[in-house]
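To start, the structure itself, in structure tokens.
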Amino acid sequence: MAKTSNILGPAPSRVDGGLKVTGAAKYSVEFDVPKCAYGWTVESNIAKGKILSVDTKAAQTVPGVLAVVTHLNAPKPKEPAAKKDRGQTHGIRNEERVPFSDDQIYYAGQYVALVIAKTIEQARYAASLVKVSYAAEEPALTMEASDKATKPKESFGPVQIKKGDVDLALKDASLTKIEQTYTTPTETHNPIEMSGTIAAWEGDDKVTLYDATQFVKGVQSVIARAWNLPIENVRVICPFVGGAFGCKGAVWPHVFAAAMAAKAAGVPVKLHVTRRNMFVGTGHRTPTIQTIALAATRKGKLQAMRHVSQVATSPVGDHIETCGARSTGVMYESPAIQVDETLHKINVASTTFMRAPGECPGTYALECAMDELAYSLNMDPVALRLANHADKDPHKDVPFSAKHLKECYSLGAEKFGWAKRNPKPCSMRDGDFLVGWGMATATYPAHKMEAAAKVQLRADGSATVQCAAHDLGTGAYTALTQISSEQLGVPFEKVKFELGNTDFPFGPVAGGSNTTGTVGTAIDEVAQLLHKALAELAVKDSKSPLYNLSPNDIVMVAPGRIGSKTDHKKSDAYIDILKRAGRDSIEVQSELKEPEENKEMAFQSWGAHFVEVKIDSLLPRVQVSRVVSVMNCGRVVSAKTARSQIMGGFVMGIGMALSEATEYDPKTGMPATCNLADYHVATNADVPLIDVYFVGEPDFAFNPIGARGMGEIGITGAAAAIANAVYHATGKRVRDLPITPDKLLDIA
């Protein structure tokens, strides 16, 4: 069937909406497992050192206590070494250490003991009685204090980039130059649903895990290797996820701990990570120190770009936040580009992916620097970006596929009313409020990974499609049902999409904004297999209009019908084919294979944010009052959930720009902001109406459904657009996020 529309179809309500609003949707720690006990962790209160002793006697006397696990008695799995032979199919670990594996302390909050009891109250009380003594050492809690620095080369692509001679251009006196340093703090994900695992062993060699994860197949692989089990003996179930933003992509210590506890106690164990421990046990976004140097001609044409970043991780971590490569390395045309990044090991819990890892802080720094360059040139910020628009990937030197960034700028400026902007800082007011207008470019790469799918078509015309993918609350159930409906040729209301279970064919990690494109491709493949299987039945049936045709000459010609490629009058209905064959159903499954790589093109999504802020100079609190976001992400599969994705990303950008920061106690290394009272995410009062628009065309060069991901692009550039608007309103450039009132006190 012809595929031309950039929007798949009408925007249905979420297929899982009813389950969620009625409370019928079961999240991982809500499953009712018979005889399930509860775990409660004990955490280290030092950031570096060694455990001298663990006294568990008092804890063991508490009624209901079944076991206390420490490094001295833990049922230790082997270290599941990373495997790189099939991409990410073997799972992800950002903390490369099994809990309770030794007496070493690498960061404050590290799990040092786990109490298992019949009730959660008993476990929590007993845990308070565990006494641990340490030999403390001086920790390095900041990048400046670290003496362990490396220059990583690869992390899902190059980290360091060098093109042309940046130094030469920066010395050219005829060019306009800016060089500034921008910093972002540690940020923590804080989804509504905290992480948690229920582990239930069946004998010594079979385990079921109900785990709040973005990657059931990854958890399955890691746990199977850790206990040397056949992969089919590890079952992981996660039908719903209450938000994640990256913190549930890796296999964290609590997953191992739950499985270890269930072995030690001999009963299933539920370990629900507390909100406090979400700040130490499931990752965070690294703080960044980024120095941007730009050189441009008087007409704004960039001649050199340098992006130097410093990022952090833990002594037992391996995650790299590649800021410069994913922003400065791709966004604008320049004859000279240099990206330099240093990774510091510090005694703070491991970092991990957080919505648009690398791109988010990277675009903040670069887009603020571009705004500063625009002011230095007395040039409109949109005009500066248009002057440096890159038709080709600046590093790979291949054209971008289906890039419509110029349309994003044009439509965004029109809808926002950008032409009415007075470019002079402090020039626009609304009564007593200072008004600022700012903008920034948004970008995120188009990722596709490995996936397979299974479909069962029944004689009543209904179908069930399965893939071990995930819905993080962003609408994947709905989008994948829509894709299945289109590709199979089955009405939307007759398609059931099932995910979140390792019994299903392989699904990728729900990260890198890849789910729609990756699983959608698997659905396209399995749909073709289904149509071929139906064709093979029809051509052997003398009562079929397709009798004696070659199956290779038969395709779907209309919803619910296959027919001749050359003569659509010769067609047959799915249900008729099955009924005549005496079949109640037919089932096919696609193969898991590496995605085809097109090296002739670069695939990237693009967008533009236009923002208005209002500031009462006497407070001075920043209020985001208006937002227009225009995106080019290829085909829009689900218009309603796509808009929600971009809105959600920008809402996180508001928090990043104005309030979010995880602060650490310099004496203990523990997070001082470890709850939602102290860690301020954006709420309803902080968020205005966000107008979202989509431009462009389906990107069929990228995949057969023409869709690129949009889960992360909404946050890229958002903080920069707000920061740029703050400068326009106040004349003060704040380069250290978040922009809290204390940083604007001198504008009054």
Give, for atom NZ of Lys76 and atom CZ of Phe256, the distance between the pair rounded to the nearest 0.5 Å. 14.0 Å
Nearest 0.5 Å, what's the CG-OG distance between Leu72 and Ser53? 9.0 Å
Under the 6.0 Å and 45° cation-pi test, does Lys78 pair with Trp227? no
Apply salt bridge (charged side-chain N to carboxylate O under 4.0 Å, His left out) to the pair Glu43 and Arg276, showing each step before the final yes or no. CA-CA 11 Å; Glu43 302 85 36; Arg276 177 175 180 269; 3.2 Å; yes
In sequence, state the C-alpha distance, the side-chain angles, and the governing distance for Tyr679 and Cys674, and then conclude on side chain to side chain contact (heavy atoms under 4.5 Å, CB included). CA-CA 7 Å; Tyr679 186 92; Cys674 55; over 6 Å; no
Side chains of His254 and Asp211, heavy atoms from C-beta outward: is any pair under 4.5 Å? yes
Validation row: Pro445, Arg326 side chains within 4.5 angstrom (heavy atoms): no
Do the side-chain N and O atoms of [X] and [Y] include a donor-acceptor pair separated by under 3.5 angstrom?
X      : Y      : result
Thr673 : Glu663 : no
Thr322 : Ser155 : no
Thr662 : Thr188 : yes
Thr352 : His319 : no
Ser350 : Ser314 : yes
Gln310 : His344 : yes
Lys151 : Thr342 : yes
Thr184 : Thr288 : yes

Taking 4.0 angstrom as the limit, do Arg93 and Glu95 come out as a salt bridge? no
Please find out if less than 6.0 Å separates the ring center of Phe279 from that of Tyr664. no
May I ask you to check whether Tyr210 and Phe31 place their ring centres under 6.0 Å from each other? yes
